[in-house]
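Here is the structure we will look at.
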Amino acid sequence: MRIAVTGSIATDHLMTFPGRFADQLVADQLHTVSLSFLVDNLDVRRGGVAANICFGMGQLGTRPVLVGAAGSDFDEYRAWLDRHGVDTGSVRISEVLHTARFVCTTDADHNQIGSFYTGAMSEARLIELKAVADRVGGLDLVSIGADDPEAMLRHTEECRSRDIPFAADFSQQIARMDGDEIRTLLEGATYLFSNEYEKGLIESKTGWTDEEILSRAGHRVTTLGSRGVRIEKAGEPVIEVGCPEEHAKVDPTGVGDAFRAGFLSGLSWGVGLERAAQVGCMLATLVIETLGTQEYTLSRAPFMDRFTKAYGHEAADEVLRHLP
């Protein structure tokens, strides 16, 4: 399968607060919050949901097509992605804006407070998927991730009009979207990705029940944190996959992107949904053990040893033949 991943391309500025956000909040003063957190460290990392997903897919050897907009400061980042198996030929470079930036603080309980500057991402709405498909010889699936809202709508409508299967993955943008936008973006999706909290928010904003959403999207893929993932399809048994044992819980940033990278790679290989979800959970475990979203190393033997321990020899044999 040829998979294109649309969404943000960004630089992450990640900070750690040694205390708990909850201890700094006064219940009857939440309408006038004014807080400043003295953090222990600052790490500047490559990020953005589309770039993170593509990096993981590249590590798994599936050569994803990155679709998004960046600034003239993207050259070094592009070279990094190219070296790690990502097709960056469809990235639009802005002549006037910097690459987007995410600034995030994580507390001792792994809660996060973040802000996102869009920058060049606002030009993603100018990208036409037909041009991408023509360049690479066709697209079998487009994953539409958090991006400029107009870009998300354009890519979704183009997928529908050109009969290209697509995955709806709102993630960070769901907070600013209203019910009509969410309904438009998920209608007809082959896959709908969200975490457990976003799942409830989607239902609340659309006014649709879980059953109604499943009648409009082919598969609903809900990540459950340390409990793994649940995959639902109308009229079929629910698939539930747990997570491998963690060596450490270092940083949750990018864990959801890593799951998607593994899951989409599994789809690209043609393995079943359960196996794809297992690959996603294994990759997500590597990321939570690492500071930064693209700082992990995927070594074939250690990856498969842990995968086998978590999911058994039959699952491992099926995955092993696809790993580079």
Checklist line | Stepwise side-chain hydrogen bond (donor to acceptor under 3.5 Å, both in side chains) test for Asn52 and Gln294 | finding: CA-CA 6 Å; Asn52 289 342; Gln294 298 178 27; 3.0 Å; yes
Do you reckon [X] sits in the same ILVMFWY cluster as [Y], going by side-chain contacts under 4.5 Å, direct or chained?
X: Val229; Y: Val319; result: yes
X: Leu283; Y: Val271; result: yes
X: Phe17; Y: Leu14; result: no
X: Leu66; Y: Met152; result: no
X: Phe55; Y: Trp269; result: yes

Next item on the list: Identify the heavy atoms of Leu264 and Ile3 that sit nearest to each other, and give their distance.
Entry: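 Closest approach of Leu264 to Ile3: O-CD1, 3.4 Å.
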Less than 4.0 angstrom from a charged side-chain N to a carboxylate O is my criterion; do [X] and [Y] meet it?
X: Arg135; Y: Asp87; result: yes
X: Arg260; Y: Asp169; result: yes
X: Lys130; Y: Asp134; result: yes
X: Arg160; Y: Glu158; result: no
X: Arg306; Y: Glu289; result: yes
X: Glu203; Y: Arg220; result: yes
X: Arg176; Y: Glu181; result: no
X: Arg20; Y: Asp107; result: no

Notebook entry, point to check: Are side-chain N/O atoms of Asp82 and Thr88 paired as donor and acceptor at under 3.5 Å?
Noted result: yes
Notebook entry, point to check: Are Glu123 and Ser94 close enough that a side-chain donor and a side-chain acceptor fall under 3.5 Å?
Noted result: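 Distance-only check passes for Glu123 and Ser94.
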Would a distance-only check, ignoring hydrogens and angles, find a side-chain to backbone donor-acceptor pair under 3.5 Å from [X] to [Y]?
X: Thr62; Y: Met57; value: yes
X: Glu274; Y: Val241; value: no
X: Ser204; Y: Leu201; value: no
X: Gln24; Y: Leu35; value: no
X: Ser194; Y: Thr222; value: no
X: Arg46; Y: Trp80; value: no
X: Glu212; Y: Thr209; value: yes
X: Lys205; Y: Ile174; value: yes
X: Arg183; Y: Trp208; value: no
X: Arg125; Y: Ser122; value: yes

Item checked: Plane angle bin for Phe193 and Phe259 - parallel if under 30°, tilted between 30 and 60°, otherwise perpendicular -> perpendicular
Margin query: Please verify the inter-ring angle class for Tyr77 with Phe74; under 30° counts as parallel, over 60° as perpendicular, anything in between as tilted.
Written below: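 Rings of Tyr77 and Phe74: tilted, 30 to 60°.
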Next item on the list: Test salt bridge (charged side-chain N to carboxylate O under 4.0 Å, His left out) on Glu196 and Arg227 and set out the steps.
Entry: CA-CA 11 Å; Glu196 207 166 14; Arg227 293 181 287 117; 2.5 Å; yes
Notebook entry, point to check: Ring centres of Phe102 and Tyr117 under 6.0 Å apart?
Noted result: no
Note to self: Taking the ring centre of each residue, are Phe21 and Phe37 less than 6.0 Å apart?
What the structure shows: yes
Nearest 0.5 Å please: distance from the [atom1] atom of [X] over to the [atom2] atom of [Y].
X: Ser265; Y: His322; atom1: OG; atom2: NE2; answer: 11.0 Å
X: Gln59; Y: Leu323; atom1: CD; atom2: CG; answer: 11.0 Å
X: Asp73; Y: Thr99; atom1: CG; atom2: OG1; answer: 3.5 Å
X: Asp148; Y: Arg154; atom1: CG; atom2: CZ; answer: 11.0 Å
X: Cys54; Y: Arg63; atom1: SG; atom2: CZ; answer: 10.0 Å

Would you mind reporting whether [Y] and [X] have side-chain heavy atoms less than 4.5 Å apart?
X: Leu267; Y: Tyr191; value: yes
X: Asp251; Y: Thr290; value: no
X: Val91; Y: Ile9; value: yes
X: Val279; Y: Met282; value: no

Item checked: Trace of the side-chain hydrogen bond (donor to acceptor under 3.5 Å, both in side chains) decision for Gln112 with Thr105 -> CA-CA 6 Å; Gln112 294 182 315; Thr105 303; over 6 Å; no
Next item on the list: Show your working on salt bridge (charged side-chain N to carboxylate O under 4.0 Å, His left out) between Glu211 and Arg216 and close with a plain yes or no.
Entry: CA-CA 9 Å; Glu211 291 74 20; Arg216 290 170 165 84; over 6 Å; no
Notebook entry, point to check: How far apart are the C-alpha atoms of Phe303 and Tyr296, what are their side-chain angles, what is the distance that settles it, and do they pass the ring-ring contact (aromatic ring centres under 6.0 Å, His included) test?
Noted result: CA-CA 12 Å; Phe303 182 91; Tyr296 60 96; 9.6 Å; no
Next item on the list: Start with the C-alpha distance between Lys199 and Asp210, add both sets of side-chain angles, then the distance that settles salt bridge (charged side-chain N to carboxylate O under 4.0 Å, His left out), and finish with yes or no.
Entry: CA-CA 9 Å; Lys199 177 181 183 293; Asp210 190 38; 3.7 Å; yes
Next item on the list: Could you check Asn195 against Thr223 for side-chain hydrogen bond (donor to acceptor under 3.5 Å, both in side chains), going step by step and ending with a plain yes or no?
Entry: CA-CA 5 Å; Asn195 61 32; Thr223 55; 5.4 Å; no
